[in-house]
> 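My questions will all concern the structure given below.
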Amino acid sequence: MLDYPRRGGPTVLRILLGAQLRRLREEKGISTEDAGYEIRGSHSKISRMELGRVGFKERDVSDLLTLYGVTDPAERAPLLELAREANTPGWWHRYGDVLPNWFETYLGLEEAASLLRCYELQFVPGLLQTEDYARAVVRLGHPDATEEDVERRVRLRMTRQERFVEPGAPTLWAVLDEAVLRRRLGGDEVMRGQLRHLVTMADLPNVTLQVVRYEASEPCATGGPFTILRFAEPGLSDVVYLEQLTSALYLDKPADVDTYMRVMNDLCITASRPDETVRFLKSLLNEI
């Protein structure tokens, strides 16, 4: 357990620890109701713990391990240590004043992902935005925010991007609707800078960029934007992230993930090839 990667902060550690606790409970044939009673909680609390959706109290983990028959100190120690580490705030904690709670889970998953595939209909994905474009997006979504809050939100977005240009960076595969690139958010100069940045990013070996052109025969995604996150660690299943105005959905059931994966694959077939996409971006630059 101590060999598990720490990238992803508390989010990933909670998921990994929850998966271990679920395995131990199921091996003993203990119900979630009985496990909840042991820690003075409900079966729903056990379910949330096993899904990594809540923090862990070391005492609760200790009591559950005893219930599950894990009494050897050498076996308990790594799991208790993981419980302690799972309560350590991630690097994004310092942006807590401008960061909604429901988005913190995504940041932890994003930090741990080895592959991110996203589809966007309105805006350039946050991981590919320039500072000026990000500033325009933030102001659009938070019209009453102070300049200080706007800059902190932009800085959070820029910090997220740093990982994708570092050695061993994860893979980012983004599919954009053409409308995203036609919408001159922030004005002509901001959009020129954004288009140039997309051309630069598309040249990176770990970034693939495609555009679904207007002339595509028929739409192959009838829903809104979504992101699929995949992880190198076998203990983490794929997750589909759906952002809403005031909350987000995290789908990890195989049937849900498979549905979104099929849609994403269809989008990639329908969209312009990466080399065609770069040529299209350059042509748009000449139009502005």
Side-chain angles (χ1 to χ4, degrees), residues 4-21 44-58 60-61 82-118 120 123 125-129 134-135 137-138 141-142 145-146 148-164 166 169-170 172 224-233 235-253 256-257 260:
Y4 275 131
R6 267 43 181 173
R7 179 177 286 278
T11 304
V12 170
L13 297 182
R14 287 198 300 265
I15 293 173
L16 292 171
L17 178 55
Q20 290 295 320
L21 292 174
S44 61
K45 178 178 180 179
I46 294 296
S47 296
R48 291 194 299 271
M49 290 174 65
E50 293 181 350
L51 291 171
R53 302 286 168 80
V54 294
F56 291 88
K57 293 181 180 179
E58 189 175 345
D60 288 345
V61 174
L82 200 55
R84 286 190 288 270
E85 290 191 29
N87 289 323
T88 303
W91 62 261
W92 50 87
H93 180 70
R94 64 181 181 269
Y95 294 99
D97 57 323
V98 295
L99 186 63
N101 293 334
W102 50 265
F103 193 58
E104 291 189 31
T105 298
Y106 173 78
L107 291 179
L109 295 173
E110 181 183 271
E111 183 82 1
S114 59
L115 168 64
L116 294 96
R117 299 180 69 181
C118 62
E120 281 290 346
F123 307 116
L127 293 172
L128 294 172
Q129 293 176 4
R135 197 169 286 113
V137 173
V138 170
H142 304 275
T146 65
E148 181 180 0
D149 281 354
V150 169
E151 293 307 313
R152 284 180 59 73
R153 292 177 189 275
V154 172
R155 181 47 44 200
L156 170 64
R157 196 159 301 183
M158 296 302 105
T159 303
R160 288 168 54 201
Q161 295 180 7
E162 293 174 0
R163 180 173 171 238
F164 289 83
E166 295 174 347
L172 175 61
F226 62 92
T227 299
I228 304 174
L229 303 103
R230 175 160 290 178
F231 310 91
E233 292 73 36
L236 295 175
S237 60
D238 293 354
V239 175
V240 177
Y241 172 72
L242 304 171
E243 185 169 320
Q244 301 171 338
L245 285 177
T246 58
S247 62
L249 294 176
Y250 297 87
L251 309 179
D252 58 3
K253 292 181 179 179
D256 292 332
V257 174
Y260 278 91

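These numbers come from a predicted model, not from an experiment.
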> Could you walk me through whether Leu128 and Leu172 pass the side chain to side chain contact (heavy atoms under 4.5 Å, CB included) test, one step at a time?
CA-CA 10 Å; Leu128 294 172; Leu172 175 61; 3.8 Å; yes

> What residues, two or more places apart in sequence or in another chain, satisfy side chain to side chain contact (heavy atoms under 4.5 Å, CB included) together with Leu242?
Phe226, Val240, Leu249, Leu251, Tyr260

> Between Glu104 (side chain) and His93 (backbone), is there a donor-acceptor pair under 3.5 Å?
no

> Would you give the length of the straight line joining atom CD1 of Ile228 to atom CG of Asp256, rounded to the nearest 0.5 angstrom?
11.0 Å

> Determine, for Glu111 against Arg160, whether the closest basic-nitrogen to carboxylate-oxygen distance falls under 4.0 angstrom.
no

> If the plane angle is over 60° it's perpendicular, under 30° parallel, otherwise tilted; pick one for Phe103 and Tyr106.
parallel

> Within the distance-only criterion (no hydrogens, no angle test), does the side chain of Ser114 pair as donor or acceptor with the backbone N or O of Arg230 below 3.5 angstrom?
yes

> When rounded to the nearest 0.5 angstrom, what distance separates CZ in Arg153 from CE in Met158?
14.0 Å

> Hey, does Arg157 have a side-chain heavy atom less than 4.5 Å from the side chain of Val137?
yes

> What do the steps show when you test Phe56 against Leu82 for side chain to side chain contact (heavy atoms under 4.5 Å, CB included), and what is the final call?
CA-CA 10 Å; Phe56 291 88; Leu82 200 55; over 6 Å; no

> Are any of the side-chain heavy atoms of Trp102 and Gln244 separated by less than 4.5 Å?
no

> Roughly how far, to the nearest 0.5 Å, is CG of Asp252 from CD1 of Ile15?
8.0 Å

> How long is the gap from CZ on Phe123 to CD on Gln129, to the nearest 0.5 Å?
8.5 Å

> Would you please name every residue forming a ring-ring contact (aromatic ring centres under 6.0 Å, His included) with Phe164, sequence neighbours left out?
none

> Can you tell me how far CZ of Arg14 sits from CG of Leu51, rounded to the nearest 0.5 angstrom?
12.0 Å

> Return the minimal non-hydrogen interatomic distance between Glu243 and Ala248, and the atom names on each side.
CA-CB, 4.2 Å

> Do Asp97 and Arg152 have side-chain heavy atoms sitting under 4.5 Å apart?
yes

> Roughly how far, to the nearest 0.5 Å, is CG of Leu116 from OH of Tyr241?
12.0 Å

> Minimum heavy-atom separation for Cys118 to Thr227, with atom names?
CB-OG1, 3.5 Å

> State, with a plain yes or no, whether a side-chain heavy atom of Thr88 is found less than 4.5 Å away from one of Leu13.
no

> For the backbone of Glu110 and the side chain of Arg163, can you confirm whether one donor and one acceptor N or O come within less than 3.5 Å of each other?
yes

